[in-house]
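Everything quoted here is computed from the prediction, not taken from an experiment.
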Amino acid sequence: MRFIKNNIIVLILMFIGILLASGVYYKRYDLTSDQRYTLSEATKNVLEKIDKPMEIDVYLEGDFPADFKQLQSETLTLLDEFKRINPNISYQLIDPVKQKISQDTLESMGMSPSALQVEKEGISTQIILFPYATIKYKGYGQTVPLITQQTGINAEEQMTKSMEGLEFGFINSIDKLSNEHFKNVGILVNQAELNKLEMFSLADRIHQNYNFFPIFPKDEQSLKIQDLPTLKKFDAIIVAKPRKAFTDEEKVVIDQYIMNGGKTLWAIDQVNAEMDTLLKSSKILAYPYDLNLTDLLFSYGIRVNSSVVKDLQRPDYINLQVGSVQGNPQNRRVPWVYFPLAFPQKLSHPITKNLNPVRFEFPSSIDTLSTPGIKKTVLYQSSPYSGVQGIPSYISLEEAKISNIDSVNVNLYNKGPQILAVLLEGEFTSAYKDRIESSQVEDFKNQSKKNKMIVISDGDVARNPIIKGQPLPLGFNISTGNMDYGNEEFLINSLNYLLDDNGLMSLRNRSVELRMLDKQTIVMDKSYWQWLNLLLPLVGIFMIGGVLIFLRRKKFR
């Protein structure tokens with residue numbers, strides 16, 4: 001009886017082993033501390049919507065260093081999980097060099113080459129990589145960058161951040177492709193906002209993921225109550241650098257748009273100060289814009305002050321003529337405190353995580369007010385060594401020519417960090433609650449359901465430079481040629497967050513801890529570890545063999 005029972009147990013164990021080996025029964029346990037191999041519920045919900053074949057091509061195959069091999073392994077592991085959840089998803093690795101795919105073809109697909117220096121046996125060589133993936137679904141396509149581009153970090157940090165962003169990068173593109181209808185984003189154009197050329201770079205990015213249209217009033221003069229139904233068709237609106245005051249009726253329309261669930265992205269100048277004018281005249285008078293928005297924004301919990309923030313610690317640079325030698329102008333890159341560079345907060349928000357610094361031009365400070373039911377999150381602020389210049393006041397290029405820090409009056413830069421961009425979330429109360437204007441709107445709403453808005457105290461953060469009628473990339477500094485700014489990604493992330501109904505943006509906060517090897521120790525102790533790895537298994541085998549021989553002799557002696 002005991003013999004039969006033991007045989008049954010053996011058969012059951014063999015059956016389970018066969019099932020596991022054949023892949024019929026699959027169970028995976030994620031024992032990592034950061035749960036890097038566990039997909040979020042938001043990701044699973046998006047993947048389950050794929051009802052047609054989806055093809056993913058990963059351009060990360062070839063002879064490259066171990067760091068990229070690790071990125072390749074992490075990418076394939078993630079796609080294996082995608083495929084397990086939805087068999088409609090398939091992928092393949094592509095080596096563009098072996099398949100002789102031209103660089104022009106790859107660049108036309110939105111891939112930028114990455115040059116990598118590789119040292120092997122004392123010989124340094126350069127290889128060109130295209131670390132991207134393409135997703136094709138129902139005749140449409142998306143390109144996903146696999147490498148996070150961020151200035152000021154080393155190669156190991158870059159690889160860590162790239163692995164952290166893999167799930168969001170893929171699932172965000174898959175979500176956009178699987179949605180049959182794009183959401184509608186509108187931009188106000190009646191208050192002398194940024195024009196088509198000035199918004200060209202940002203508009204091109206928005207068009208990739210959303211329907212993007214200008215909002216024209218029916219009477220072609222100003223927004224009226226009759227325009228509210230049209231406004232409600234937009235999921236979000238952008239107010240980019242208005243330079244004409246809003247009428248009271250226009251504010252009522254925008255207020256009721258917000259109360260009905262509309263998302264808003266404000267990029268407003270409270271001060272009239274333009275760099276183009278300053279470069280021509282060397283000195284300008286900065287004065288406040290009368291946009292008539294103070295009471296509206298105040299009711300939502302913020303105030304944009306009529307001031308200019310100057311940052312002594314983190315200014316951008318401009319190219320300026322500082323003198324001449326024998327009639328030849330002498331130019332030099334000089335810090336310009338009126339153009340602060342803002343970095344993500346220490347505890348980054350999904351909107352700002354892993355972004356390059358954002359360039360502001362003559363920004364104002366923002367005050368947050370105590371408003372019940374509204375959560376306020378600071379997205380960007382200036383450094384602790386900041387000053388606030390009241391207006392009206394003069395701004396002169398002579399300030400940039402002071403290169404000696406001892407010549408700067410540091411007492412002017414002791415105001416502490418100044419808020420430049422803030423996110424508001426919660427149930428907003430109408431600015432026109434219990435006011436006579438409410439009677440003008442049919443089905444007037446006193447309060448919104450849970451809603452979101454973002455306010456930026458600089459309209460130029462969304463403006464791309466223009467040379468000879470041709471728009472340049474957003475964030476490009478004409479004066480210095482620097483284009484490593486995060487303005488475009490910041491604004492796109494802001495829109496994505498405002499319109500994120502699935503919680504996908506939270507994936508940008510995923511953290512991965514890579515336990516990197518100490519390269520110096522490896523070089524110094526190379527021989528030791530080689531011999532240890534060679535001899536230790538042999539010693540283990542001899543020890544096990546010796547124990548088995550001893551037990552066998554003892555049993556059959």
Show every donor-acceptor pair shorter than 3.5 Å between a side-chain atom in residues 184-198 and any protein atom, with sequence neighbours excluded, or say none if there are none.
residue, atom, partner, partner atom, Å
N184, OD1, N211, ND2, 3.1
N184, ND2, K233, O, 3.2
N190, ND2, Q221, O, 2.2
Q191, NE2, E250, OE1, 2.8
Q191, NE2, E250, OE2, 2.9
E193, OE1, N190, N, 3.2
E193, OE1, Q191, N, 2.8
E193, OE2, Q191, N, 3.4
N195, OD1, L197, N, 3.1
N195, OD1, E198, N, 2.8
N195, ND2, E198, OE1, 3.4
E198, OE1, N195, N, 2.9

Taking atom [atom1] of [X] and atom [atom2] of [Y], what is their separation to the nearest 0.5 Å?
X	Y	atom1	atom2	answer
D290	Q270	CG	CD	8.5 Å
I171	I174	CD1	CD1	4.5 Å
Y413	K310	OH	NZ	4.0 Å
Y289	I391	OH	CD1	10.5 Å
S448	M259	OG	CE	5.0 Å
T371	I302	OG1	CD1	9.5 Å

Restricting to non-hydrogen atoms, name the atom on [X] and the atom on [Y] that form the minimum distance, rounded to 0.1 Å.
X	Y	answer
V304	S457	CG1-CB, 4.1 Å
P473	P465	O-CD, 3.6 Å
I237	I215	CG2-CD1, 3.6 Å
D443	Q256	O-OE1, 4.3 Å
S40	L507	OG-CD2, 3.3 Å
L71	M159	CB-SD, 3.8 Å

Could you tell me if the side chain of [Y] sits less than 4.5 Å from the side chain of [X], heavy atoms only?
X	Y	answer
I395	K283	no
L423	K376	no
L379	V422	no
N319	R332	no
L424	K452	no

Do [X] and [Y] get their side chains close enough for a donor-acceptor pair, meaning under 3.5 Å?
X	Y	value
N354	K161	yes
D255	Y432	no
Q158	T148	no
K375	T377	no
N305	S365	yes

Determine, step by step, whether L297 and R303 satisfy the side chain to side chain contact (heavy atoms under 4.5 Å, CB included) criterion, reporting the C-alpha distance in whole Å, the side-chain angles of both residues, the deciding distance to 0.1 Å, and the verdict.
CA-CA 6 Å; L297 296 177; R303 176 175 52 230; over 6 Å; no
Can a donor-acceptor pair be found, under 3.5 Å and without considering hydrogens, that links the side chain of [X] to the backbone of [Y]?
X	Y	answer
S281	T277	yes
D295	F298	no
S307	S364	no
D227	V253	no
E398	S282	no
N493	I351	yes
D458	D460	yes
N487	L474	no
S438	K433	no
D269	G459	yes

Criterion side chain to side chain contact (heavy atoms under 4.5 Å, CB included) on Q418 and V388, from CA distance to verdict
CA-CA 8 Å; Q418 301 297 310; V388 179; 3.6 Å; yes
With sequence neighbours excluded, tell me which residues meet salt bridge (charged side-chain N to carboxylate O under 4.0 Å, His left out) with D248.
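Scan of D248 (salt bridge (charged side-chain N to carboxylate O under 4.0 Å, His left out), adjacent residues dropped) gives K251.
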Tell me, please, which residues at least two apart from D434 pass salt bridge (charged side-chain N to carboxylate O under 4.0 Å, His left out).
none
Reference residue Y497; test side-chain hydrogen bond (donor to acceptor under 3.5 Å, both in side chains); the match among E425, K263, R508
E425
Please determine whether the number of non-hydrogen atoms from other residues, nucleotides or ligands lying under 6.0 Å from atom [atom1] of [X] exceeds 12.
X	atom1	answer
F182	CZ	yes
K445	NZ	no
K415	NZ	no

Is there a salt bridge (charged side-chain N to carboxylate O under 4.0 Å, His left out) between D235 and K183 once you walk through the steps?
CA-CA 6 Å; D235 300 283; K183 291 186 176 181; 5.7 Å; no
Between Y485 and F476, does the ring centroid distance fall short of 6.0 Å?
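That pair fails the under 6.0 Å test.
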Ring centres under 6.0 angstrom apart (Y300, F428):
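Yes, close enough.
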Among D316, I456, D311, which residue meets the side chain to side chain contact (heavy atoms under 4.5 Å, CB included) test with F360?
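The single option meeting the side chain to side chain contact (heavy atoms under 4.5 Å, CB included) with F360 is I456.
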Pairs involving residues 204-228, ordered by first then second residue, that meet ring-ring contact (aromatic ring centres under 6.0 Å, His included) (sequence neighbours left out)
H207-F212
Check step by step if side-chain hydrogen bond (donor to acceptor under 3.5 Å, both in side chains) holds for S222 and E249.
CA-CA 9 Å; S222 61; E249 188 171 3; 6.0 Å; no
Check whether NZ of the Lys or CZ of the Arg K232 lies under 6.0 Å from the centre of the six-membered ring of Y257 and within 45 degrees of that ring's axis.
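No, K232 does not lie over the aromatic ring of Y257.
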Checking F490 now: which residues fulfil ring pair (Phe, Tyr, Trp, His ring centres under 6.0 Å) with it, not counting sequence neighbours?
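Y380.
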By ring pair (Phe, Tyr, Trp, His ring centres under 6.0 Å) - contacts of F168 (at least two apart):
none
Taking the inter-plane angle between the rings of Y338 and W336 on a 0 to 90° scale, is it parallel (under 30°), tilted (30 to 60°) or perpendicular (over 60°)?
tilted
